[in-house]
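All residue numbers in this chain count up from 1 along the given sequence. Computed from a predicted structure; not experimentally measured.
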Amino acid sequence: LSLNTDHCFSIITGPNGSGKTIYIKQVCLLIILAQIGCFVPCVACTITLRDRILARMGTKDDIEHSMSSFYTEMMETAYLLENVTSHSLVIIDELGKSTSNTDGLSIALAVSEALIEKEVYTLFVTHYPQLVLLSDMYPQVSNLHMKTSVDIERNKGIKFLHEIGTGSCEIKSGYGIAMAQYCGFSSALITKAKAKLRLVRNKFPLLMQAPKADKTIHGVSLLLRHLKSLKAGSIQGDALLSILDTLRQRVDRES
């Protein structure tokens, strides 16, 4: 894992039970251990100081205060956004899953972009396939996934590899049905679910895959980030003019 000013926001995808939540909790524990001077169980690491760790995890009702799981989720997220700084670490686990897909995705996108703009070190676990396209719009966003082996068509179920990989997981793999089969669903019900999956893929493509992001947006965002870095840096004279000329040629070539 590498979180820095150039890649501060990581989106983590993968099947339920593959270890996404454990992974982001592990990162928090390693940072706490390092900052209190304890041994950190790893071969090598570079950990910068964080002023706070803010988390939005779990799904629970607060019956005592008449708060639904979604209400609780939104209250905690609002507190997170109000108190976060560029020196914080944020972990978010499946934001928006307590409401409808459209509302949940919209909120997840809005919160993600707010954290990206503040350049907050963030680990964001999600099952929304559209969210991974943020990496096409913002150069500081990277995609990670928990590796699995799935062969649902041949009834081989799902195998968790407990490894982190680059890029996003394959959203069409049918890992939800594979998990249901692994948990003991009847073969008749699994067969019916597979038929429904094919129907959903054909009739509701927007639920299964996100539209291709506009590459122009990504190019403009990357250019602005380069210019911002040059402004904050110490490069001057002919070297600076050479870099600006290279960027100008790239824009002319790609636009």
Could you go through the side chain to side chain contact (heavy atoms under 4.5 Å, CB included) check for V141 and I116 one step at a time? CA-CA 8 Å; V141 176; I116 292 168; 3.4 Å; yes
List the steps, then state whether side chain to side chain contact (heavy atoms under 4.5 Å, CB included) holds for C28 with Q26. CA-CA 5 Å; C28 291; Q26 174 182 265; over 6 Å; no
Could you walk me through whether N16 and E94 pass the side chain to side chain contact (heavy atoms under 4.5 Å, CB included) test, one step at a time? CA-CA 11 Å; N16 288 317; E94 297 186 43; 3.8 Å; yes
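Between F124 and S112, the shortest heavy-atom contact is CE1-OG, 3.4 Å. The nearest pair of heavy atoms linking A193 to I177 is O-CD1, 3.5 Å. Counting all heavy atoms, side chain and backbone alike, V120 lies closest to S88 at CG1-O, 3.9 Å. The two residues L109 and L131 make their nearest non-hydrogen contact at CD2-CD1, 3.2 Å. Summarising the geometry of F9 relative to L3, their closest heavy-atom pair is N-CD2, 4.3 Å, with the distance given to 0.1 Å.
L161 and Y23 fall into different hydrophobic clusters, defined by Ile, Leu, Val, Met, Phe, Trp and Tyr side-chain heavy atoms under 4.5 Å apart, directly or through other members. In the hydrophobic cluster analysis, where Ile, Leu, Val, Met, Phe, Trp and Tyr join through side-chain heavy atoms closer than 4.5 angstrom, L89 is grouped apart from L29. L241 and I235 fall into different hydrophobic clusters, where Ile, Leu, Val, Met, Phe, Trp and Tyr side chains are chained together by heavy-atom contacts under 4.5 Å. Hydrophobic clustering of Ile, Leu, Val, Met, Phe, Trp and Tyr side chains at less than 4.5 Å, counting indirect connections, unites I107 with Y79.
Atoms CD1 and CD1, on I12 and I164 in that order, are 5.5 Å from each other to the nearest 0.5 Å. Atom OG1 of T148 sits about 10.5 Å away from atom NE2 of H162, to the nearest 0.5 Å. For the atom pair I92 CD1 and E73 CD, the distance stands at 9.5 Å (nearest 0.5 Å). Note that the CG atom of L80 and the CZ atom of R56 stand 9.5 Å from one another [nearest 0.5 Å]. Remark: K97 NZ to L105 CG distance equals 16.0 Å, nearest 0.5 Å. Distance check: E117 CD to E119 CD gives 10.0 Å after rounding to the nearest 0.5 Å.
Summarising the local packing, CG of D245 is surrounded by more than 12 heavy atoms from other residues, nucleotides or ligands at distances under 6.0 Å. Environment of CD1 in I22: sparse, with no more than 12 heavy atoms of neighbouring residues, nucleotides or ligands closer than 6.0 Å.
Side-chain contact between Y138 and L133 is absent, with no heavy atoms from C-beta onward closer than 4.5 Å. Annotation: side chain of L30 is in contact with side chain of P41 (closest heavy-atom distance under 4.5 Å). Counting only heavy atoms from C-beta outward, the side chains of L134 and N143 never approach each other to under 4.5 Å. Proximity of L54 to L81: side-chain heavy atoms (C-beta onward) are nowhere separated by under 4.5 Å. Side-chain contact check for L144 versus I11: every heavy-atom pair is 4.5 Å or farther apart.
Qualifying salt bridge (Lys or Arg N to Asp or Glu O under 4.0 Å) partners for D51, counting only residues two or more places apart in sequence or in other chains: none. The side-chain contact (heavy atoms from CB on, under 4.5 Å) check on M57 picks up T21, I24, K25, A55, I91, D93, with sequence neighbours excluded. Partners of E113 under the salt bridge (Lys or Arg N to Asp or Glu O under 4.0 Å) rule, at least two apart in sequence or in another chain, do not exist in this structure. For K118, there are no salt bridge (Lys or Arg N to Asp or Glu O under 4.0 Å) partners at least two apart in sequence or on another chain. For I47, the side-chain contact (heavy atoms from CB on, under 4.5 Å) test picks out I31, A34, C45, with sequence neighbours left out.
Between the side chains of S142 and S10, at least one donor-acceptor pair of N or O atoms lies under 3.5 Å. No side-chain donor from either of T72 and S69 sits under 3.5 Å from a side-chain acceptor of the other.
Every pair passing side chain to side chain donor-acceptor pair (under 3.5 Å) that includes a residue from residues 27-48 is listed here, sequence neighbours excluded: T48-R50.
With hydrogens and angles disregarded, a donor-acceptor distance shorter than 3.5 Å links the side chain of S135 to the backbone of V132. Of the possible polar contacts, one joining the R52 side chain to the N83 backbone as a donor-acceptor pair under 3.5 Å is found.
For the side-chain contact (heavy atoms from CB on, under 4.5 Å) criterion with E163, the lone passing option out of M146, K147, H145 is K147.
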